[in-house]
Amino acid sequence: MAKTLDLVPVGEWGFFTLPRPMVIAGPCSAETEEQVMETAKGLNEFGIHVFRAGIWKPRTHPGSFEGIGTPGLKWLQKVKKEYGMKVATEVASEKHVFECIKYGVDMVWLGARTTANPFLVQEIAEALRDTDIPVLVKNPVNPDLDLWIGALERLNREGVRKLGVIHRGFSTSQKIAYRNDPQWKIAIELRTRYPDLPFFADPSHMGGSRDYLLELSQRAMDLGLDGLMIESHCNPSAALSDAHQQLTPPALKELLESIVVREKDTDSREYRDGIVQLRAQIDIIDENLLYALNTRMGVSRKIGQYKKEHNIAILQTSRWDSVLEDMKKKGRAYGLSEEFIETVFNAIHEESVRAQNEILES
Ligand code: PEP
Ligand code: MN
């Protein structure tokens, strides 16, 4: 049984103007004073109040741009002063926390690689003790819900009560379209366990490309999440990190206007928790079905190749008849009608035979 968290409601943080989505936006990295100020100006112009910018960047390869470091904190101060925005950055050590406190950073987040490391989380939690700085915890890189919860517990035990999470997807060795695998079921599980925990999605790091931002943001809203953290840069193609996934402020405005956000009053909440969530689950299952179908077709083509090399005919009806009988029997155990199983598997089989014939004739 999960422990409860002692939380200050996000409405009392004084950061976000409700209703959903609460938005945090800004560049992947603070690069220059001009880039920071111009991006913040563009975002402020359409009502974004919380500005993000990475100051210390966890990069895969040494020699990549690893963040501007402490000098960038002065630019964040300037954003606060000129535009009255709240500013947020990623911390990965107690040193980062102390620098943030010194320069008046309003909010910090733990990156995916940091959440995965309890030593660092503990060190950061202790450095934040006696401060009032809200902390958002990204999911760990690996799909481990307990590790994510453990990080929340560590922070909460040191007195961090303005606490929230950011779902940015999980590393995967599978070839998928997105940069990180959303595995929404893990987010849903966390949401169910801690319904009062402010919950953001980060479609930028999840998708890894501007092309996926809208569908992922919409999905996050359909699942009832509270907010979005999205990367925005005044000149994305010149960005020193994550150039493919950043949007200009006007493009972000357009994206946010295209998202359909359902009401959160009592009636629609019931609706959201019911049908909308189920539909989102169906979408995920459909994607899994597609993945399975594609994998099956791959194997089927290999069989075709193999048959060709051994000079064997494509169609062995007796084998297919027995496969179908077996599927019908198994389907019955799941309460799936024979007719349905026959329709689905005959369609799959037909496509396999077609693909194998192609190979034979090639
Ligand atoms: C970031 O937000 O810039 C970042 C590095 O994200 P993540 O920890 O999700 O990779
Ligand atoms: Mn980034």
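One-based numbering, in listed order, for ligands and for the atoms of each. Note: hydrogens, waters and symmetry copies are ignored here, and every other heavy atom, side chains too, is used.
Judged by distance alone, the side chains of T70 and E99 do bring a donor and an acceptor atom under 3.5 Å apart. No donor-acceptor contact under 3.5 angstrom links the side chains of E123 and S93, judged on distance only.
The main-chain N or O of I166 is never found under 3.5 Å from a side-chain atom of D202 such that the two would form a donor-acceptor pair. A donor-acceptor pair under 3.5 Å is formed between the side chain of H233 and the backbone N or O of N235. No donor-acceptor distance shorter than 3.5 angstrom exists from the side chain of S64 to the backbone of T60, with no hydrogens or angles considered.
Among the heteroatoms counted here (N, O or S) of E231, OE2 is the one nearest to the Mn ion (ligand 2). The Mn ion (ligand 2) sits nearest to atom OD2 when only the N, O or S atoms of D242 are considered.
With respect to E215 and R219, no salt bridge is recorded, no charged nitrogen being found less than 4.0 Å from a carboxylate O. With salt bridges taken as basic N to acidic carboxylate O contacts below 4.0 Å, one links R129 and E158.
What sits closest to atom 5 (C) of ligand 1 on the protein, heavy atoms only, is E90 OE1, 3.5 Å. The shortest contact between atom 7 (P) of ligand 1 and any protein heavy atom is with K138 NZ, 3.5 Å. For atom 4 (C) of ligand 1, the nearest non-hydrogen atom of the protein is H205 NE2, 3.5 Å.
If you put the vertex on the Mn ion (ligand 2), NE2 of H205 and SG of C28 sit 170° apart, to the nearest 10°.
Residue-ligand proximity, A112 to ligand 1, at heavy-atom distances under 4.0 Å covers atoms 8 (O). Atoms of ligand 1 lying under 4.0 Å from any heavy atom of E231, numbered from 1 in the order shown and given with element: 3 (O). Near K57, the atoms of ligand 1 lying under 4.0 angstrom from a non-hydrogen atom of the residue are 1 (C), 3 (O), 5 (C). Atoms of ligand 1 lying under 4.0 Å from at least one heavy atom of R168, given by number and element, are 7 (P), 9 (O), 10 (O). Listed by number with element, the atoms of ligand 1 under 4.0 Å from a non-hydrogen atom of G111 are 8 (O). Interface of R113 with ligand 1, defined as ligand atoms under 4.0 Å from a residue heavy atom, comprises 7 (P), 8 (O), 10 (O).
Between H96 and W56, the ring planes lie parallel to each other; the angle is under 30°, not in the 30° to 60° tilted range.
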Show your reasoning for whether salt bridge (charged side-chain N to carboxylate O under 4.0 Å, His left out) applies to K329 and E325. CA-CA 6 Å; K329 199 167 133 213; E325 273 319 300; over 6 Å; no

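No part of M229 comes within 4.0 Å of ligand 1, judged by heavy-atom distances.
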